[in-house]
Amino acid sequence: QVQLVESGGAVVPPGGSLRLSCAASGFTLDDYVVGWFRQAPGQEREGLSCIGAGGTTTFYNKAIKGRFTISSNNAKNTVYLQLNNLKPEDTAVYHCAATRTPSTYALCTTEYKSLEEWGQGTLVTVSS
């Protein structure tokens, strides 16, 4: 069964850090472009960061660049998103997705809007 499972969300105070995990089963993540996305209550889903097949290229949304870092561990078939200096406006459900598109930019800015199936995601709450 092909599946992506997100984990690592928690309640953290402003300025805190978290590492989110996106674990794949049933396929090899290294063959895909993988992205992290989030959806805050009442808002549209937005693309945050994407990593290319083989982990050689990355894309970051300007809104989070410098605070979030995407990485991959092929041995664990997992892609991570390190969240630093968290702000209350980072509160959202975070999702990952994987496609065979050749472009990290395309997945993170437009193509994700066409994806029909999303997992449960992992909730990040930034609050004092």
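Applying the side-chain contact (heavy atoms from CB on, under 4.5 Å) test between R38 and each of D90, L20, N61 identifies D90 as the sole match.
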Worksheet item: Can you list the steps and then say if L4 with F27 is a side chain to side chain contact (heavy atoms under 4.5 Å, CB included)?
Response: CA-CA 9 Å; L4 288 173; F27 68 105; 3.7 Å; yes
Worksheet item: Would S72 and V34 satisfy side chain to side chain contact (heavy atoms under 4.5 Å, CB included), going step by step from the backbone distance to the final call?
Response: CA-CA 9 Å; S72 61; V34 181; over 6 Å; no
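Judged by distance alone, the side chain of T91 and the main-chain N or O of V126 form a donor-acceptor pair under 3.5 Å. A donor-acceptor pair is defined here as one N or O able to donate and one able to accept, closer than 3.5 Å; no such pair exists between the side chain of S21 and the backbone of Y80. Without hydrogens or angle criteria, Y60 side chain to R67 main chain gives no donor-acceptor distance under 3.5 Å. Of the possible donor and acceptor atoms, one in the side chain of E6 sits under 3.5 Å from a partner among the backbone N and O of C96. Side-chain atoms of T78 come within 3.5 Å of backbone N or O of K76 as a donor-acceptor pair.
Cluster membership check: L107 does not share its hydrophobic cluster with Y32, using side-chain heavy-atom separations under 4.5 Å among Ile, Leu, Val, Met, Phe, Trp and Tyr. When hydrophobic clusters are built by joining Ile, Leu, Val, Met, Phe, Trp and Tyr residues whose side-chain heavy atoms come closer than 4.5 Å, directly or via intermediates, V93 is not grouped with V5.
Here the shortest heavy-atom pairing between Q82 and L18 reads NE2-O, 3.4 Å. Across all their heavy atoms, S127 and P14 have their closest contact at C-CD, 3.7 Å. Closest approach of L48 to I64, counting heavy atoms only: O-CD1, 3.5 Å. Closest heavy-atom contact between S103 and V33: O-CG1, 4.2 Å. For S17 against N84, the heavy-atom pair with the smallest separation is OG-OD1, 3.0 Å.
Using a 4.5 Å heavy-atom cutoff, the side chains of V79 and W36 are in contact.
E89 contributes atom CD, which lies 10.0 Å from atom CD of Q43 (distance to the nearest 0.5 angstrom). Interatomic distance, CG of L83 versus CZ of F68, reported as 4.5 Å (0.5 Å rounding). Atom CG of L123 sits about 9.5 Å away from atom OH of Y94, to the nearest 0.5 Å. The CG atom of L115 sits 11.5 Å away from atom NE2 of H95, with the distance rounded to the nearest 0.5 Å. From I70, atom CD1 reaches atom SG of C50 across 6.0 Å, with rounding to the nearest 0.5 Å. Put simply, CG on D30 and CG on N74 are 3.5 Å apart, with the number rounded to the nearest 0.5 Å.
A cation-pi arrangement, defined by a distance under 6.0 Å to the six-membered ring centre and an angle within 45 degrees of its axis, is absent between R45 and F37.
In E44, the CD atom is not crowded: 12 or fewer heavy atoms of neighbouring residues, nucleotides or ligands sit closer than 6.0 Å.
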